[in-house]
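Heads up, the thing below is written out as structure tokens.
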Amino acid sequence: MKERIALFPGSFDPITKGHESIVLRALPLFDKIIVAIGENPAKKHLSEMFSFQQRLLWLKQTFANFDKIEIKSFSCLTIDFARQTGAEYILRGLRNPTDFQYESNIARINQDLSPEIETVFLMTTPEDAIISSSLVKEILTFGGDIRRFLPLQVAETIVKATQVICTNT
Ligand code: ADP
């Protein structure tokens, strides 16, 4: 039987417990999940906090114990990369109506461009619904405690690298 391969694309800047939970919950549905950093030249420099190498390392550490999960990166259209890797499914997570609006537009465009590739959505768990990479970056900028939002290995590295700064302005 043909392998069911899903691609989970994202910036993962950084990977959060929300991402981790989507991938782990999707695992029984597929034979293989490729978690891949999409290098988006339009987004670059605007909101990236962590280097490509760092983000890749955190992905590898987070999913190190899972044979069915592969870590990759790409800088082309997501559907082109999906086709290249043999993935017939694109996995995405949904937290709220804003995600739905954004994701449904992308899914429709991808469907138009490449009807043989299906986008599959998983709803976030209630406890992960508030987590986003941008929230983590914002809290981190001011030295807040973000450990509860991150996979263990990521939390340890980030916390070590952060200093608490609180000045009166
Ligand atoms: P992008 O730059 O493509 O938005 P992200 O790394 O922010 O990439 O997110 C990748 C995918 O993970 C998206 O489908 C996003 O909706 C989903 N996601 C992000 N945070 C969560 C969360 N807390 N719960 C569920 N899904 C999430």
Side-chain angles (χ1 to χ4, degrees), residues 5-30 32-63 66 69-82 85 87-111 113-114 117-141 144-155 157-158:
I5 306 174
L7 171 65
F8 186 54
S11 313
F12 306 111
D13 185 39
I15 177 172
T16 66
K17 271 193 174 161
H19 297 124
E20 183 187 26
S21 149
I22 294 289
V23 174
L24 297 185
R25 283 167 54 222
L27 216 46
L29 305 176
F30 302 102
K32 181 160 96 180
I33 297 182
I34 300 170
V35 182
I37 299 180
E39 292 254 81
N40 183 346
K43 259 186 157 185
K44 229 182 157 95
H45 308 307
L46 284 180
S47 56
E48 265 174 27
M49 182 178 245
F50 301 102
S51 72
F52 170 77
Q53 290 305 337
Q54 177 65 83
R55 286 179 283 146
L56 202 64
L57 181 67
W58 277 330
L59 285 180
K60 286 183 179 160
Q61 290 174 335
T62 303
F63 298 116
F66 298 89
I69 303 174
E70 262 179 34
I71 310 301
K72 293 201 155 113
S73 66
F74 63 99
S75 56
C76 60
L77 276 180
T78 303
I79 46 157
D80 288 339
F81 184 65
T85 54
E88 287 179 315
Y89 305 91
I90 292 174
L91 175 65
R92 299 290 286 177
L94 292 177
R95 285 163 291 194
N96 48 43
T98 313
D99 272 358
F100 176 77
Q101 188 97 35
Y102 176 75
E103 296 288 343
S104 58
N105 282 337
I106 296 179
R108 283 191 193 117
I109 291 171
N110 283 341
Q111 197 167 45
L113 292 172
S114 206
I117 295 175
E118 286 288 355
T119 304
V120 175
F121 296 103
L122 283 193
M123 286 301 299
T124 179
T125 59
E127 62 271 24
D128 289 339
I130 54 153
I131 306 176
S132 70
S133 296
S134 42
L135 179 85
V136 165
K137 285 184 272 190
E138 210 164 301
I139 300 176
L140 199 59
T141 304
D145 188 353
I146 32 71
R147 274 173 296 188
R148 107 148 199 62
F149 303 132
L150 302 171
L152 202 66
Q153 304 241 26
V154 182
T157 332
I158 278 192

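When a ligand or atom number is given, it counts from 1 through the structure's own listing order. Atom set for the values below is all heavy atoms of this structure, side chains included, hydrogens, waters and symmetry mates excluded. FYI, the numbering just counts along the sequence from 1. Note that the structure is predicted; figures quoted are calculated from it, not measured.
- With a 4.5 Å cut-off on side-chain heavy atoms, Ile79 and Ile90 count as touching.
- Applying the 4.0 Å criterion to heavy atoms of Phe8 picks out, from ligand 1, the atoms 11 (C), 12 (O).
- Side-chain contact between Gln111 and Glu118 is present, with at least one heavy-atom pair separated by less than 4.5 Å.
- Counting only heavy atoms from C-beta outward, the side chains of His19 and Ser133 approach each other to under 4.5 Å.
- Using 4.0 Å as the threshold, Pro9 has a heavy atom nearer than that to some atom of ligand 1.
- At least one N or O atom of Gly93 sits closer than 3.5 Å to an N or O atom of ligand 1.
- Set against the non-hydrogen atoms of Gly10, the atoms of ligand 1 under 4.0 Å away are 3 (O), 6 (O), 8 (O), 10 (C).
- An N or O contact shorter than 3.5 Å links His19 to ligand 1 by distance.
- An N or O contact shorter than 3.5 Å links Ser11 to ligand 1 by distance.
- Residue Asp128 has at least one N or O atom closer than 3.5 Å to an N or O atom of ligand 1.
- Distances from ligand 1 to the non-hydrogen atoms of Glu103 include at least one value under 4.0 Å.
- The atoms of ligand 1 that sit less than 4.0 Å from any heavy atom of Ile131 are 20 (N), 22 (C), 23 (N).
- Within the structure, ligand 1 lacks Tyr102 among the residues with a heavy atom less than 4.0 angstrom away.
- Near Thr124, meaning under 4.0 Å from one of its heavy atoms, ligand 1 places the atoms 24 (N), 25 (C).
- In this structure, the side chains of Val154 and Phe12 stay at 4.5 Å or more apart for every pair of heavy atoms.
- Taking the side chain to side chain donor-acceptor pair (under 3.5 Å) definition, one finds that Glu88 meets it with Lys2, sequence neighbours left out.
- Rounding to the nearest 0.5 Å places CZ of Phe8 at 11.0 Å from CZ of Phe30.
- The distance from ligand 1 to the heavy atoms of Asp99 drops below 4.0 Å at these ligand atoms: 16 (O).
- Atoms of ligand 1 found under 4.0 Å from any heavy atom of Phe12, numbered from 1 in the order shown, are 6 (O).
- Put simply, the residue from Leu27, Val35, Val23, Ile33 that forms a side chain to side chain contact (heavy atoms under 4.5 Å, CB included) with Phe66 is Leu27.
- At a threshold of 4.5 Å between non-hydrogen side-chain atoms, the residues Met49 and Thr141 count as touching.
- Scanning both residues, Leu56 and Lys72, for their nearest heavy atoms gives CD1-O, 4.1 Å.
- Residue contacts with ligand 1: Arg92 is placed with a nitrogen or oxygen under 3.5 Å of a nitrogen or oxygen of the ligand (distance criterion only).
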